[in-house]
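In what follows, a single structure is set out as structure tokens and then discussed.
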Amino acid sequence: MSDLRIAVSGAAGRMGRRVIAQVLGQEGMTLAAAVDGPNSEFLDQDAGTVAGVGEAGIPITSEYGDGIDAIIDFSTPPGLEQAANFSIERAVPLVAATTGLTELQIALIDEAAKKTAVVFAPNMSLAVNLCMKLASDAAAALKDAPGGADVEVVERHHRYKEDAPSGTALHFGKLVAEQMGQSNHVHGRDGRPGARPHDEIGYHALRLGDTVGEHNVTFGLLGETIELTVRSHTRDSYAIGAVAAAKFVAGRSPGHYTMNDVLGL
Ligand SMILES: NC(=O)C1=CN([C@@H]2O[C@H](COP(=O)(O)OP(=O)(O)OC[C@H]3O[C@@H](n4cnc5c(N)ncnc54)[C@H](OP(=O)(O)O)[C@@H]3O)[C@@H](O)[C@H]2O)C=CC1
Ligand SMILES: O=C(O)C1=N[C@H](C(=O)O)C[C@H](O)C1
């Protein structure tokens with residue numbers, strides 16, 4: 001069987017470099033394109049060298065070319081748009097990992113899923129996706145808890161992160177609200193907001209040094225507390241999941257697929 005030809009979008013970024021390292025290190029997979037921003041200082045440089053894993057023979061460019069079996073996108077909202085438009089034009093399967101997207105950008109991903117197979121997830125890690133299932137189960141079990149259960153989501157990321165709260169934190173909140181019905185999503189608290197109502201989920205975003213990514217979901221009951229915490233120690237946890245997702249979508253029927261599908265959760 002011929003190698004799976006992967007295009008990496010956001011190639012010179014923190015995540016793109018780790019995805020390139022995974023792609024180059026895997027049997028049955030080839031790096032077909034490495035796309036970065038139009039003004040990237042890394043244009044024309046070798047993608048493997050920039051990733052720190054030795055020459056790959058693929059230059060970083062600002063455009064996609066031919067012969068791509070799947071795109072893995074960890075870039076910026078405009079980078080995601082470019083990747084999704086290419087995916088739509090050529091029916092190339094897409095792994096969309098960029099967060100902080102607008103409704104229009106999400107609609108573009110939905111458009112791609114009509115043409116090809118798409119995994120769109122705010123977090124590609126096994127541990128985080130398993131923790132999401134646990135949070136959903138906990139929320140279902142606690143929805144009628146005597147005295148009610150207050151839910152707060154706290155996330156910690158590196159100082160360079162541009163969106164807040166993280167896409168993962170928002171997804172944790174969405175999953176909890178699907179079970180418990182909270183309609184009021186509050187970002188931080190200040191002043192004198194008064195006693196906490198039950199229909200609220202609070203989000204708190206910490207930005208600290210080089211923290212890779214941490215999420216904590218707390219269920220506060222009267223008399224006891226449950227906390228779920230998941231910590232990513234290296235970006236490889238996301239890159240490994242994204243490469244598994246690319247293998248999963250390649251050659252599959254059009255539609256949206258989840259990381260639970262990919263990871264068998
Ligand atoms: N789903 C998941 O599991 C995870 C998602 N993420 C998300 O991935 C995204 C990237 O994170 P991170 O790697 O830390 O960010 P970085 O800022 O390190 O990297 C983003 C890269 O995208 C490049 N870029 C800009 N425009 C385009 C374009 N049109 N096409 C292709 N690339 C482009 C940037 O180039 P330039 O600097 O020249 O603009 C930069 O090199 C974020 O949204 C983050 O939240 C991160 C980790 C895990
Ligand atoms: O920007 C990051 O680094 C991360 N972003 C994703 C998010 O916003 O949820 C996933 C992960 O937490 C790392």
Side-chain angles (χ1 to χ4, degrees), residues 7-22 33-45 47 50-51 60-64 71-87 94-102 105-106 108-109 118-129 131-132 153-175 203 205-217 229-246 258-259 262-263:
V8 176
S9 163
R14 284 175 289 274
M15 277 309 305
R17 293 175 194 219
R18 295 316 305 156
V19 174
I20 285 169
Q22 286 296 327
V35 179
D36 212 50
N39 304 314
S40 170
E41 62 182 289
F42 298 100
L43 292 181
D44 299 327
Q45 295 187 34
V50 170
I60 294 179
T61 58
S62 59
E63 298 292 337
Y64 295 87
I71 303 172
I72 299 176
D73 172 75
F74 285 88
S75 62
T76 58
L80 175 279
E81 277 182 37
Q82 190 183 347
N85 279 321
F86 184 80
S87 166
L94 175 65
V95 176
T98 298
T99 57
L101 303 177
T102 62
Q105 287 156 346
I106 292 169
L108 213 50
I109 296 175
V118 171
V119 171
F120 171 41
N123 206 300
M124 302 281 163
S125 113
L126 170 62
V128 171
N129 282 281
C131 201
M132 283 173 174
V153 183
V154 182
E155 55 98 334
R156 293 172 174 234
H157 284 87
H158 49 96
R159 64 172 64 142
Y160 310 102
K161 185 163 176 60
E162 295 191 3
D163 54 319
S166 68
T168 305
L170 291 170
H171 198 68
F172 268 114
K174 179 171 175 276
L175 292 173
Y203 299 85
L206 281 58
R207 294 292 173 264
L208 298 161
D210 58 359
T211 307
V212 171
E214 302 181 9
H215 291 88
N216 170 287
V217 183
T229 299
V230 57
R231 297 191 179 92
S232 305
H233 305 160
T234 81
R235 292 188 168 82
D236 287 357
S237 57
Y238 314 129
I240 289 167
V243 167
T258 67
M259 282 309 287
V262 173
L263 299 167

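Here, residue 1 is the first one in the sequence, and each next residue gets the next number. Ligands are counted one by one from 1 in listed order, and the atoms in each one are counted from 1 as well.
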Examine Ala12 against ligand 1 and note whether any of their N/O atoms are separated by less than 3.5 Å.
-> no
More than 12 heavy atoms of other residues, nucleotides or ligands under 6.0 Å from CZ of Arg207: is that the case?
-> yes
Are the side chains of Thr229 and Glu214 in touch, meaning some heavy atoms are under 4.5 Å apart?
-> no
Non-hydrogen side-chain atoms of Thr99 and Lys161 separated by less than 4.5 Å = yes
Show me the short polar-atom pairs for ligand 2: any N or O of it lying under 3.5 Å from a protein N or O, with distances only.
{"from": "ligand 2", "atom 1": "1 (O)", "to": "Lys161", "atom 2": "NZ", "distance (Å)": "2.9"}
{"from": "ligand 2", "atom 1": "3 (O)", "to": "His158", "atom 2": "NE2", "distance (Å)": "2.8"}
{"from": "ligand 2", "atom 1": "5 (N)", "to": "Lys161", "atom 2": "NZ", "distance (Å)": "3.1"}
{"from": "ligand 2", "atom 1": "8 (O)", "to": "Thr99", "atom 2": "OG1", "distance (Å)": "3.3"}
{"from": "ligand 2", "atom 1": "8 (O)", "to": "Lys161", "atom 2": "NZ", "distance (Å)": "2.7"}
{"from": "ligand 2", "atom 1": "8 (O)", "to": "Gly167", "atom 2": "N", "distance (Å)": "2.9"}
{"from": "ligand 2", "atom 1": "9 (O)", "to": "Gly167", "atom 2": "N", "distance (Å)": "3.3"}
{"from": "ligand 2", "atom 1": "9 (O)", "to": "Thr168", "atom 2": "N", "distance (Å)": "2.8"}
{"from": "ligand 2", "atom 1": "9 (O)", "to": "Thr168", "atom 2": "OG1", "distance (Å)": "2.5"}
{"from": "ligand 2", "atom 1": "12 (O)", "to": "His157", "atom 2": "NE2", "distance (Å)": "2.6"}

Purely on distance, is any nitrogen or oxygen of Thr99 under 3.5 Å from one on ligand 1?
-> yes
Within less than 4.0 angstrom of ligand 1, does Glu41 place any heavy atom?
-> no
For ligand 1, is any non-hydrogen atom under 4.0 Å from Lys161's backbone (N, CA, C, O), its side chain (CB onward), both, or neither?
-> side chain
Considering the heavy atoms of Gly37, write down every atom of ligand 1 situated less than 4.0 Å from one of them.
-> 23 (C), 24 (N), 25 (C), 26 (N), 27 (C), 28 (C), 32 (N), 33 (C), 35 (O)
If hydrogens are left out, which of Ala97, Ser9, Pro78 has an atom nearest to atom 6 (N) of ligand 1, that is, the closest non-hydrogen atom?
-> Ala97
Look only at interatomic distance and state if Arg14 has a nitrogen or oxygen under 3.5 Å from any nitrogen or oxygen of ligand 1.
-> yes
Any side-chain heavy atom of Phe172 sitting closer than 4.5 Å to one from Glu155?
-> no
Might you confirm whether atom CZ of Arg156 has over 12 heavy atoms from other residues, nucleotides or ligands at distances under 6.0 Å?
-> no
Identify, for atom 13 (O) of ligand 1, the protein heavy atom at the shortest distance, and state residue, atom and that distance.
-> Met15 N, 2.8 Å
Has ligand 1 got any nitrogen or oxygen that is less than 3.5 angstrom from a nitrogen or oxygen of Gly16?
-> no
Would you mind listing which atoms of ligand 1 come within a distance below 4.0 Å of any non-hydrogen atom of Ala121?
-> 1 (N)
Could you tell me whether His158 and ligand 1 have an N or O pair separated by under 3.5 Å?
-> no
So, for atom 3 (O) of ligand 1, does the protein have a heavy atom nearer than 4.0 Å?
-> yes
Structural part of Pro122 in contact with ligand 1, heavy atom criterion under 4.0 angstrom | backbone
Straight-line distance of Asn123 CG to Ser237 OG, nearest 0.5 Å | 7.0 Å
Do His215 and Ser166 have a side chain donor and acceptor closer than 3.5 Å?
-> yes
Testing Leu94, Ile71, Val35 for side chain to side chain contact (heavy atoms under 4.5 Å, CB included) with Phe86, which one passes?
-> Ile71
Going through the distances and angles, do Thr234 and Val212 end up as a side chain to side chain contact (heavy atoms under 4.5 Å, CB included)?
-> CA-CA 6 Å; Thr234 81; Val212 171; 5.7 Å; no
Based purely on interatomic distance, does Phe74 place a nitrogen or oxygen under 3.5 Å from a nitrogen or oxygen of ligand 1?
-> no
Scan Thr98, Thr76, Asp73 and name whichever one has a side chain to side chain donor-acceptor pair (under 3.5 Å) with Ser9.
-> Asp73
Looking at atom 23 (C) of ligand 1, what's its closest protein heavy atom, distance included?
-> Asp36 OD1, 3.3 Å
Quick note on ligand 1: atoms under 4.0 Å from a heavy atom of Thr98 include exactly 43 (O)
Option of least heavy-atom distance to atom 42 (C) of ligand 1 (set: Ser40, Ser75, Gly10) | Ser75
Measure the shortest side-chain to side-chain distance between Met259 and Val128 over non-hydrogen atoms and say whether it is less than 4.5 angstrom.
-> no
What residues, two or more places apart in sequence or in another chain, satisfy ring pair (Phe, Tyr, Trp, His ring centres under 6.0 Å) together with Phe42?
-> none
Working to the nearest 0.5 Å, report the span between CG of Asp44 and CD1 of Ile60.
-> 9.5 Å
For ligand 1, the portion of Gln82 having any non-hydrogen atom under 4.0 Å away | side chain
To the nearest 0.1 Å, how far is atom 28 (C) of ligand 1 from its closest protein heavy atom, and which atom is that?
-> Gly79 CA, 3.3 Å
Does any N or O atom in Ala11 lie less than 3.5 angstrom from one in ligand 1, N or O only?
-> no
Would you please determine whether Gly100 falls within less than 4.0 Å of ligand 1 on a heavy-atom basis?
-> no
Under 3.5 Å, N or O to N or O, is Pro38 touching ligand 1 that way?
-> no
Is there a protein heavy atom at a distance of less than 4.0 Å from atom 18 (O) of ligand 1?
-> yes
Heavy atoms of Lys174 and Tyr203 approach each other most closely as N-OH, 4.3 Å
Please tell me if the side chains of Phe74 and Met124 come closer than 4.5 Å, counting only heavy atoms from C-beta onward.
-> yes
Would Ile109 and Leu101 satisfy side chain to side chain contact (heavy atoms under 4.5 Å, CB included), going step by step from the backbone distance to the final call?
-> CA-CA 10 Å; Ile109 296 175; Leu101 303 177; 3.7 Å; yes
Are any non-hydrogen side-chain atoms of Met132 and Thr168 less than 4.5 angstrom apart?
-> yes
